[in-house]
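These notes are about the structure you will find just below.
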Amino acid sequence: MFFFRTWAVTLARDWRIEINRLAALLVLAGIVGLVFDQVMLFLLLALVVYLVYVLRQLQKLDRWLHALVNDSNTQPPEGSGFWGILFDE
């Protein structure tokens, strides 16, 4: 039970890191959008960038899981925030 509680607290912290990362990206995109008078365009571009980041992390996860089928000693990929805890667990 202690392990689960520790893992849940770590997971919650890492979710906050991901949310903060996305919020910072959106705030930065909003500010740049205000400067160029194209707020919606820059917010859309920021969301596309974040989507590409998430899809890249999913691709790493998929490759690692497929590699585990053939070799149980395969090391997990590097990641940060939520992805780091997911890969490490």
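Count residues from 1 along the sequence.
Leu25 contributes atom CG, which lies 12.5 Å from atom CG of Asn20 (distance to the nearest 0.5 angstrom). To the nearest 0.5 Å, the span separating CG on Leu55 from NZ on Lys60 amounts to 13.0 Å.
Nearest heavy-atom pair across Arg56 and Arg63 is NH1-NH1, 4.1 Å.
Cluster annotation: Leu58 is not connected to Ile17 through the hydrophobic network of ILVMFWY side chains, with a link wherever side-chain heavy atoms come within less than 4.5 Å.
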Side-chain donor-acceptor pairs under 3.5 Å in residues 32-54, sequence neighbours left out?
residue, atom, partner, partner atom, Å
Tyr50, OH, Glu18, OE1, 2.8
Tyr53, OH, Arg21, NH1, 2.6

